[in-house]
Amino acid sequence: MAPGRWICLCLLIPFLLQPVESCTPHSIRARVPVRLDPGDVVSQVPLGRCRAEGLVLSSGDPHFTVRMNGTIVTVNGMVVTEPTSFPVWVSEGGRSSWRMDVHLTPDPEQVHTYLPAEKFPWDLARKRSKRRWSPPPFVIVEHDLPPFPKEVETVGSDSAVNYSVYYTIRGPGVTLPPINLFSVERDTGLVKVHYAVDREQYDQIVFEAQVFDRKTGKETDRPLDITVLVDDINDNAPTFSGPLQFHVAEHSVSGTEVGVVTATDRDKAGTLHTKIRFSLLTGGQLFHINPYSGALSTRSGVLDREVQAAIPVVVEIRDMGGAKTGLFNTATATINLVDINDNVPTFREAAYKARIEENKADVLVLRIPVDDKDEERTKNWNAKFVITEGNENGNFRIDTDPKTNEGLLYVVKPLDFEKGGVVTLRVSAENEVPLVGSGASWLSVPVELTVGDVDEGPEFSPPNKVIRVKENVPIGHVLGVYTALDPETKSSKGIKYYKVSDPGSWVSVAEATGELTAASTIDLESPLVTDAKYNLTVKAIDSSLKWGVGTVTLLIEDVNDNVPVVVPGGELVLCEEEEGRMGSVTVHAEDADLPPYSAPFHFQLPDGTKKWTLRDAKNTSVVLQQAVDMARGVYDVPILISDLQNHGDVQVVRVRVCRCLGGECVSARSSVSFGVWGVLAMLLALAVLLLLCVLFVFACTTKAEKLYLDESSGGMLLKSNTEAPGEEVKSATLLMVPGGGGGGDVDGLDGSVKGAGLLEQKASTAVGGAGAGLQTMTRQNMYQSNRRDFTMTQGQSGFYTTGHYGNAKYTDSLYYKQSHLSAMHTWETNGLYLDKKLEYFGGAADERYADDVLRVYGYEGEGSAAGSVGCCSELGDQDNLDFLDSLGSKFKTLAHICMDAKEEK
């Protein structure tokens with residue numbers, strides 16, 4: 001064999017041995033009923049990737065057959081009780097073939113439905129409804145290429161065996177959108193498609209097929225829904241569906257998650273047409289993207305925001321699992337690097353210098369600029385300055401300018417040229433947050449300040465001099481010397497001294513020498529002294545009139561110049577105790593001196609004191625107690641009180657002994673509480689007394705006159721200013737009973753009194769006998785018995801409307817008649833009237849006046865205005881009967897008393 005042929009054979013063998021890529025999956029799975037009858041559809045072989053020309057499908061199991069559209073149906077009836085599998089062989093153009101396994105799983109819930117025979121009499125064998133029509137689901141390909149129409153599948157009914165039939169279709173794809181997509185041949189039932197459709201718009205179309213008898217035009221079988229599946233082709237490229245802006249911190253370690261790129265595809269889900277693969281076309285050296293999930297992550301840790309703050313990367317998304325034949329799309333994703341504090345502030349100069357005059361404060365000396373590469377206006381960029389050296393005395397302060405980020409150096413305490421002409425500081429610049437991911441440290445820079453010399457006034461040394469002195473030192477006593485020096489000459493020559501402040505004028509200052517002497521008594525107990533310290537200010541002035549001020553503090557030592565005294569001043573109240581107990585009061589004392597010239601105190605009574613004793617002496621107090629009973633009053637008690645050094649004097653304590661209420665003297669409480677209200681009460685009492693006097697004078701000087709009551713009362717008010725019967729008695733009223741004549745017998749009172757009249761005094765003789773008889777009769781009837789056989793209505797305006805006195809009945813007209821007021825009043829007549837009323841109240845029912853309890857009153861006591869209560873019949877006013885109108889239920893008790901008294905007589 002020629003060498004060239006061997007070479008061609010070697011090249012052909014690998015080509016022949018390489019695996020053939022199949023257009024169907026390696027296996028499919030389906031759930032089927034436990035019982036399968038002939039013609040049942042089991043599953044569908046997906047043929048979307050296969051070429052239609054020369055495609056051959058065959059089943060490896062004789063119980064199943066595969067139609068040209070990929071539909072797998074049963075040939076013979078069978079029962080599937082456990083999962084089973086069988087192969088399906090696919091051959092494409094006779095050039096190659098491959099195997100696809102079909103796995104069936106039984107599902108007991110899937111059952112067949114049988115139709116009743118009476119509905120379709122031609123179906124004598126009661127076939128399953130599925131056996132009435134032969135077509136399984138049809139399949140067409142979206143965007144199919146012309147020419148059209150194309151044959152899809154043939155529908156057929158079992159009724160065609162017994163009838164001459166024709167077929168029609170209607171519904172979606174025929175009479176509804178998409179209209180006229182399908183048609184059917186009437187005689188054969190062949191379904192055709194007339195134009196291409198988009199699966200993304202119509203993924204399946206279900207229309208209805210009908211079969212009719214050619215002769216009668218009636219349906220020979222039930223209508224059947226025909227399902228047409230639109231097979232997907234890869235006609236949509238994937239698109240990005242999420243944001244493409246991401247953030248990640250600079251200098252992140254490799255593998256740090258950045259974000260996820262998302263995409264979608266409109267093609268059929270679960271197929272290669274929607275299996276998207278992600279890839280980076282740019283930025284692959286810095287970032288990595290997961291090809292299946294689209295997750296972005298960092299590839300290296302060299303990301304530096306200061307080099308590039310935002311990094312664009314181009315992302316590609318391709319379907320078909322990333323195959324070259326797949327459709328794709330690209331977009332640019334931007335990855336923003338988040339700043340971290342990985343850069344320190346840097347000074348623009350290696351050192352800074354400035355000049356400041358001495359004795360100046362709160363002055364800006366220097367501005368120190370810095371640079372920072374981190375993101376501006378963040379905590380990583382904001383500078384914070386610190387003086388690390390040279391500010392031990394606190395003369396300086398450094399702040400940050402928020403606008404320029406510069407350091408502002410201030411002098412807050414004056415500098416002294418004489419103490420140093422040059423001051424050196426070291427200033428460090430930091431950030432508000434610590435450094436991250438950097439091995440660098442904070443930088444610092446030296447700052448040199450030159451202090452300018454200025455002619456200054458004298459300075460006291462020390463600025464505050466303390467001099468110890470005892471109080472009460474003699475006037476003129478030298479306390480000390482306080483001088484100042486000129487800072488330039490270091491000499492006191494030519495300096496004069498003056499006082500600036502001396503609150504108590506206690507010290508004199510020598511003008512030439514600065515000598516301090518006592519000018520008046522120095523008293524530790526003075527309110528000008530605080531914590532035993534007394535301050536005065538001295539000024540020193542040189543020849544150039546420059547001046548300086550110093551302070552002298554006198555630290556005063558105490559001497560025992562005060563004795564204990566009783567506090568507070570005034571009287572102490574000693575309250576009387578019960579019998580057998582002596583009253584006491586606590587005496588307190590204090591000493592203005594300080595320890596050891598003050599408490600504890602010693603208390604002692606002078607010799608010969610017998611009325612008082614001392615007990616329970618404490619630090620600053622003692623209890624003063626009575627030794628004997630004493631009358632109420634004020635007493636002066638001398639007590640010798642001495643301090644710890646036995647320095648003291650006799651203190652007189654004024655004690656008031658009195659009866660107390662609430663810890664205070666009763667008299668004191670009364671006098672204290674007597675104020676404005678007490679005066680008003682006295683004035684009110686005087687006013688009432690004066691009013692009574694005026695009324696009394698008015699009553700005594702007014703003429704006696706008759707005051708008539710209202711008609712319902714039936715009474716008359718007579719006024720008199722004498723104890724004995726007045727002039728009205730001369731024309732007293734007489735009770736006339738016009739019974740059987742002018743002097744009728746009183747026995748006629750048993751009957752009803754027709755009328756009564758009041759006669760003038762001239763007729764008194766004519767009726768005298770009748771009046772006496774009436775009196776005698778009435779008294780006899782009143783005392784015969786204490787029968788309570790009458791009633792009285794309460795609340796009436798008059799005395800009583802009607803009433804029964806014994807056996808006699810009287811009316812108001814019998815006693816009063818305002819139209820006949822010329823009455824005859826005598827003592828006997830009044831007594832008669834009173835006796836009748838007493839009899840009435842004496843016979844009243846006890847239960848009517850439950851609160852009226854019989855009480856016998858006798859001697860009322862000495863000084864009582866009532867005196868002794870005697871017989872009620874002895875009335876002071878014998879002339880006026882109007883008082884009887886005011887007597888009410890309370891008169892019952894008095895009636896009982898008077899009746900008992902009369903019976904005793």
Side-chain angles (χ1 to χ4, degrees), residues 566-579 581-588 624 626 629-637 652-710 713 715 717-723 726 795 797 849 851-853 855 857-870 872 875-877 880 882-891 893-894:
V566 176
V567 292
E571 294 180 348
L572 299 180
V573 177
L574 190 148
C575 298
E576 291 180 342
E577 300 288 344
E578 299 176 357
E579 293 185 9
R581 296 176 57 187
M582 298 299 176
S584 62
V585 65
T586 302
V587 179
H588 295 272
L624 177 64
Q626 291 176 287
D629 289 334
M630 291 181 289
R632 300 174 185 173
V634 179
Y635 299 87
D636 291 334
V637 182
V652 177
V653 180
R654 175 158 290 188
V655 180
R656 177 178 293 276
V657 180
C658 62
R659 183 170 61 88
C660 296
L661 181 62
E664 298 182 11
C665 288
V666 175
S667 60
R669 290 172 57 92
S670 301
S671 61
V672 170
S673 61
F674 187 82
V676 177
W677 292 109
V679 175
L680 292 177
M682 293 179 61
L683 294 177
L684 180 60
L686 291 175
V688 173
L689 181 59
L690 180 60
L691 181 60
L692 291 176
C693 294
V694 173
L695 293 177
F696 179 75
V697 172
F698 177 76
C700 293
T701 57
T702 304
K703 283 186 177 183
E705 57 183 356
K706 299 176 182 180
L707 300 178
Y708 298 98
L709 303 177
D710 58 80
S713 67
L717 178 62
L718 303 179
K719 301 179 65 177
S720 175
N721 60 352
T722 61
E723 294 294 334
S797 61
Y849 309 101
D851 294 336
D852 294 340
V853 180
R855 296 180 179 87
Y857 293 89
Y859 179 68
E860 293 293 329
E862 184 180 359
S864 174
S868 298
V869 179
C872 297
L875 302 177
D877 189 359
N880 197 344
D882 294 339
F883 69 92
L884 296 175
D885 293 336
S886 63
L887 299 180
S889 61
K890 299 297 183 179
F891 191 76
T893 303
L894 183 58

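Computed from a predicted model, the values in this text were never measured in an experiment. By convention here, the first residue in the shown sequence is residue 1.
Distance alone, capped at 3.5 Å, places no donor-acceptor pair between the Gln626 side chain and the Met582 backbone.
The nearest pair of heavy atoms linking Leu572 to Thr586 is CD1-O, 4.2 Å. The two residues Met630 and Val657 make their nearest non-hydrogen contact at O-CG1, 4.5 Å.
When each of Val585, Val566, Asp636 is paired with Val653, the side chain to side chain contact (heavy atoms under 4.5 Å, CB included) condition holds for Val566 and for no other.
Annotation: the span from Leu686 atom CG to Leu691 atom CG amounts to 12.5 Å, rounded to 0.5 Å. Within the model, atoms CG of Leu689 and CG of Leu684 stand 11.5 Å from one another, a figure rounded to the nearest 0.5 Å. To the nearest 0.5 Å, atoms CD (Glu576) and CZ (Arg632) are separated by 4.5 Å.
Between Cys665 and Cys660 the SG-SG gap reaches or exceeds 2.5 angstrom.
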